[in-house]
Number of protein chains: 2
Amino acid sequence: MERIFSALAESNRIRIVQLLKEKPLTVGEVAENLQLRQPQASKHLKVLHDAGIVEVIPQANRRFYRLRPEPFKELDVWFDSFRSIWEGRLDRLDDYLHDLQAEESNED
Amino acid sequence: MERIFSALAESNRIRIVQLLKEKPLTVGEVAENLQLRQPQASKHLKVLHDAGIVEVIPQANRRFYRLRPEPFKELDVWFDSFRSIWEGRLDRLDDYLHDLQAEESNED
DNA sequence: TATTAATATTCTCTTTACGGAATATTCCTT
DNA sequence: AAGGAATATTCCGTAAAGAGAATATTAATA
């Protein structure tokens, strides 16, 4: 989980991921689309690859990068466990604080 | 989006978020639960706060930290745009490559 | 096999992030 | 007002990340 977040903790890499959402692209295409120099594109793609976010499909001279579904599935599962937070907050802080005060007055 | 990912790109902060999923906690409680020193807990909570992931509820001497739903909603929306990738891949690379070759042979 | 296109890697420099320790701040309580 | 508990901030040292430029590698092709 940390590895995935770390890989996405950079604006260029977020842009790459969004770009690859459309279709697989070569390094050169990524670089051109995002106005990056080729070595930077390669480096960012390497980070994404190490994190398992993209995979490589060598095709002749070029290397196509494509999004892998697994990390997204993983994030989806992780996220699911937070759904209750924004779909009707369960933790009702005021109630919680009220309970807390009750506890404290019991300690006297 | 980058700000959210950056805030979560650290294992202790992921643990904090998971912990706060249960209920709001004070700095001290977070520190104790995760075996962190108080200053580190404060610092990590500050990063999460700056990213809008948590909010503070001052209560007397203490400060309760609570997850905010907004960033999760935001991530959920962002994520939705990737659903097609793992729910029946649409980009079918082999077809894509096939089309590509077709294009190239047209260039002759 | 020499050349070339496409991509990857290395090196250097600068910036940022983290932990630890010490200290400052805030706010309640007496 | 003084003391104390809870929390925040600062300072320091170190490690990691990022960009740029140069170079190395790979694979197709003449």
Side-chain angles (χ1 to χ4, degrees), chain A residues 2-17 19-20 24-51 53-66 96-97 100-101 103-105 107-108, chain B residues 1-17 19-20 24-51 53-66 93 96-97 100-101 103-105 107-108:
Chain A
E2 182 190 356
R3 196 163 207 189
I4 298 178
F5 284 134
S6 296
L8 296 176
E10 209 272 339
S11 59
N12 287 312
R13 290 198 291 270
I14 293 180
R15 291 167 63 208
I16 291 178
V17 168
L19 186 61
L20 293 183
L25 294 176
T26 65
V27 177
E29 290 171 326
V30 169
E32 189 190 358
N33 263 284
L34 304 184
Q35 299 277 74
L36 297 174
R37 298 164 206 276
Q38 176 268 316
Q40 307 305 330
S42 276
K43 285 187 222 176
H44 285 307
L45 284 165
K46 178 178 166 53
V47 174
L48 291 172
H49 185 257
D50 290 347
I53 295 178
V54 300
E55 61 191 340
V56 192
I57 295 96
Q59 181 76 352
N61 214 2
R62 295 169 288 182
R63 293 161 69 86
F64 283 86
Y65 281 86
R66 170 167 69 170
Y96 177 66
L97 294 178
L100 192 74
Q101 288 184 339
E103 284 178 25
E104 281 171 357
S105 48
E107 288 171 7
D108 285 337
Chain B
M1 198 80 328
E2 182 190 357
R3 197 164 207 186
I4 298 177
F5 284 135
S6 297
L8 295 176
E10 209 272 340
S11 59
N12 287 312
R13 290 198 290 271
I14 292 180
R15 292 167 62 207
I16 290 179
V17 168
L19 186 60
L20 293 184
L25 294 176
T26 66
V27 176
E29 289 171 328
V30 168
E32 188 190 358
N33 264 284
L34 303 183
Q35 299 278 73
L36 298 175
R37 298 165 207 275
Q38 175 268 316
Q40 307 305 332
S42 277
K43 284 186 218 175
H44 284 308
L45 284 165
K46 177 177 165 54
V47 174
L48 292 172
H49 185 257
D50 290 347
I53 296 178
V54 300
E55 61 191 340
V56 192
I57 295 96
Q59 181 76 353
N61 215 2
R62 295 169 287 184
R63 294 160 68 86
F64 283 85
Y65 281 85
R66 169 168 69 170
L93 183 68
Y96 177 66
L97 293 177
L100 192 74
Q101 288 183 339
E103 284 177 26
E104 281 172 355
S105 48
E107 289 171 8
D108 283 337

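Basis for what follows: all heavy atoms, side chains included, without hydrogens, waters or symmetry-related copies. A, B, ... follow the sequence lines: proteins, then strands. Residue 1 opens every chain. Only a predicted model underlies this, so the values are computations on that prediction, with no experimental measurement involved.
- Within residues 34-44 of chain B, the residues approached by DNA chain D to less than 4.0 Å at the level of any non-hydrogen atom are B:Gln38, B:Pro39, B:Ser42, B:Lys43, in residue-number order.
- The minimum heavy-atom distance linking B:Tyr65 with B:Leu20 is given by the pair O-CD2, 3.6 Å.
- Taking atom CG of residue B:Asn61 and atom C1' of nucleotide D:dG4, one finds them 9 Å apart after rounding to whole Å.
- In this structure, the NZ atom of A:Lys46 is 16 Å from the P atom of D:dA16, given to the nearest Å.
- Residues satisfying the side chain to side chain contact (heavy atoms under 4.5 Å, CB included) test with B:Asp50, not counting sequence neighbours, are B:Arg3, B:Lys46.
- Contact check for A:Ile57 versus A:Arg66: side-chain heavy atoms found under the 4.5 Å cut-off.
- Chain B approaches DNA chain C over the interval C:dC18 to C:dC28, counting the first and last nucleotide 5' to 3' with an atom under 4.0 Å from its heavy atoms.
- For the pair A:Leu48 CG and D:dA17 P, the interatomic distance rounds to 14 Å; values are reported in whole Å.
- Taking the side chain to side chain contact (heavy atoms under 4.5 Å, CB included) definition, one finds that A:Glu2 meets it with A:Ser6, B:Ser11, B:Ile14, sequence neighbours left out.
- In this structure, the side chain to side chain contact (heavy atoms under 4.5 Å, CB included) partners of B:Arg13, at least two apart in sequence or on a different chain, are B:Glu10, B:His44, B:Val47, B:Leu48.
- Contacts of A:Ser42 classified as side chain to side chain donor-acceptor pair (under 3.5 Å), with partners at least two apart in sequence or in another chain: A:Gln38.
- Between A:Asn12 and A:Ala60, the residue anchored nearer the 5' end of DNA chain D, judged by the nucleotide with its closest heavy atom, is A:Asn12.
- For B:Arg63, there are no side chain to side chain donor-acceptor pair (under 3.5 Å) partners at least two apart in sequence or on another chain.
- Taking the side chain to side chain contact (heavy atoms under 4.5 Å, CB included) definition, one finds that B:Ala31 meets it with B:Ala41, sequence neighbours left out.
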